[in-house]
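Below: the structure, in structure tokens.
Computed from a prediction, not measured in an experiment: that's the story for all the values here. We name chains A, B, ... by the order of the sequence lines, and we start the count at 1 in each one.
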Number of protein chains: 2
Amino acid sequence: MVSQMLADGRRQILDILGPGRLLHASVTDVADSTAETLSPTHLERRKLLDPLASSELVEAVLLMLRRAQHHATLLGRKTALERVAYAVLDLADQFGARVRGLAYAEVIFRLHLTRNDLADWMGLTGETVSRCLNALKRQEIIGFDTPEIILIKNLKTLEAAAGGDRPSLVARGTHPATHP
Amino acid sequence: MVSQMLADGRRQILDILGPGRLLHASVTDVADSTAETLSPTHLERRKLLDPLASSELVEAVLLMLRRAQHHATLLGRKTALERVAYAVLDLADQFGARVRGLAYAEVIFRLHLTRNDLADWMGLTGETVSRCLNALKRQEIIGFDTPEIILIKNLKTLEAAAGGDRPSLVARGTHPATHP
DNA sequence: CGAAACATTGACCGCACTCAAGGCTGGTGG
DNA sequence: CCACCAGCCTTGAGTGCGGTCAATGTTTCG
């Protein structure tokens, strides 16, 4: 998780990095920016000498940029429900696994964020996030028994609720989408 | 101006590029993203073969990223007045010129954006931007006789109104800050 | 002079925030 | 084993900031 903190305690989470994502120091070396883990994490250092790694780095920074700009549009112009729907979709892309026994369009994944984390990511409050998640649940679009494990029951409707436009904003990395 | 458009017409301006800023195609080649000029503009193409230009490019992309992340924090966590104050400061940094005859802390510059452009940049509406600008004007923090020419009369107070934290987010370019 | 685009201002409204109460879960110590 | 506690989630009631709608003023330009 990459986040920024304002002097008075307001926090904005800038990005959630799932398996396979790359992180460059230039992102965290800005004043008031920090990176933290939200779950047990395996980190690898990339050497910059390797030209392959260098292009990999440029790709990673450009991905961060595209995600940051898309996120800005979301924060500036989307409603609470659209934001929460989008957060679920993005986390599903990054952490989701297609599971045997689920219908084709169903995805299940573990939220590594609390409601308040989601709020600080989406520019909302924890209460609003909770209300939106439960609204989606009542509409049978998603499901959860414990607050941590989210099941997407109707992907198409969820994407519609997110407001449509969702360009591919995941790492094209070689990492398989397996994660506890 | 770099902006994104949603299917239903909502627009988010992602960044305003003043003199000396660099723009890479990867920013505009994303779906629904466009770049437009708001004033007569002089463009130069940079060759990538030159290793100097290459590092220049990486710098420019990293600047875009830092600005985008800072902007996300602004959109997600700041009030209307803070946003408008920040917009004035950022435009002053990019377009402002210290003018003879003005007090030390005074800066004057031309807004190349309408109130609605500012609104689409700051995630607000034109009416709210107008109200905030006039509030700042009533407090003698800024001044304007025509809507286009903005004078910063009290920089310190304006920075306070913007919510404080404002890391250097301008191009360290070689361009002098002269602009019509 | 007239039209179009932009800016300003006011009145009202609604979405998301605030505040508060209550429930659930997991961890700790008697 | 259970009482207690802390943290998180959920839900409701009420508020307020910023949005919406509308009227008017201003500037520009043909």
Are B/Ile16 and B/Met5 joined in one hydrophobic group, where the rule is that I, L, V, M, F, W and Y side chains link up if heavy atoms are under 4.5 Å apart?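 No, B/Ile16 does not connect to B/Met5 through the hydrophobic network.
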With a 4.5 Å cut-off on side-chain heavy-atom distances among I, L, V, M, F, W and Y, is there a chain of contacts connecting A/Val30 to B/Leu14?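 Each belongs to a different hydrophobic cluster.
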B/S/- along nucleotides 4-19 of chain C (protein heavy atoms under 4.0 Å) is ---SSBBB----SSBB
Evaluate side-chain contact (heavy atoms from CB on, under 4.5 Å) for A/Val84 paired with A/Leu118, printing each intermediate quantity in order. CA-CA 8 Å; A/Val84 171; A/Leu118 284 171; over 6 Å; no
Rounded to whole angstroms, how far apart are [atom1] on [X] and [atom2] on [N]?
X: A/Leu111; N: D/dC8; atom1: CG; atom2: P; value: 14 Å
X: A/His112; N: D/dC8; atom1: NE2; atom2: P; value: 17 Å
X: B/Asp145; N: D/dT26; atom1: CG; atom2: P; value: 14 Å
X: B/Leu75; N: D/dG18; atom1: CG; atom2: P; value: 13 Å

Straight-line distance of B/Ile141 CD1 to B/Thr157 OG1, nearest 0.5 Å: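 With rounding to 0.5 Å, CD1 (B/Ile141) is 5.5 Å from OG1 (B/Thr157).
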Could you walk me through whether A/Thr73 and B/Arg10 pass the side-chain contact (heavy atoms from CB on, under 4.5 Å) test, one step at a time? CA-CA 9 Å; A/Thr73 300; B/Arg10 285 177 287 181; over 6 Å; no
Check: A/Leu155 and A/Glu159 side chains under 4.5 Å, non-hydrogen atoms: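 Counting from C-beta outward, A/Glu159 and A/Leu155 do come under 4.5 Å.
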State, to the nearest 10°, the angle formed by the axis through the first five base pairs of the helix from C/dC1-D/dG30 to C/dG30-D/dC1 and the axis through its last five.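 Axis-to-axis angle, ends of the helix: 30°.
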Using a heavy-atom distance cut-off of less than 4.0 Å, which residues of residues 84-92 of chain B contact DNA chain C?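 Heavy-atom cutoff 4.0 Å gives no residues at all.
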B/Ile13: which of B/Met1, B/Met122, B/His71 passes side-chain contact (heavy atoms from CB on, under 4.5 Å):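 One option only clears the test, and that one is B/Met1.
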Is a salt bridge present between B/Arg11 and B/Asp117, judged by a nitrogen-to-oxygen distance below 4.0 Å?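 Yes, B/Arg11 and B/Asp117 are salt-bridged.
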Do A/Asp145 and A/Leu151 pass the side-chain contact (heavy atoms from CB on, under 4.5 Å) test, and can you show the C-alpha distance, the side-chain angles, and the key distance before you say yes or no? CA-CA 9 Å; A/Asp145 292 324; A/Leu151 169 69; over 6 Å; no
List the steps and the verdict of side-chain contact (heavy atoms from CB on, under 4.5 Å) for B/Phe109 and B/Val88. CA-CA 9 Å; B/Phe109 65 96; B/Val88 172; 4.0 Å; yes
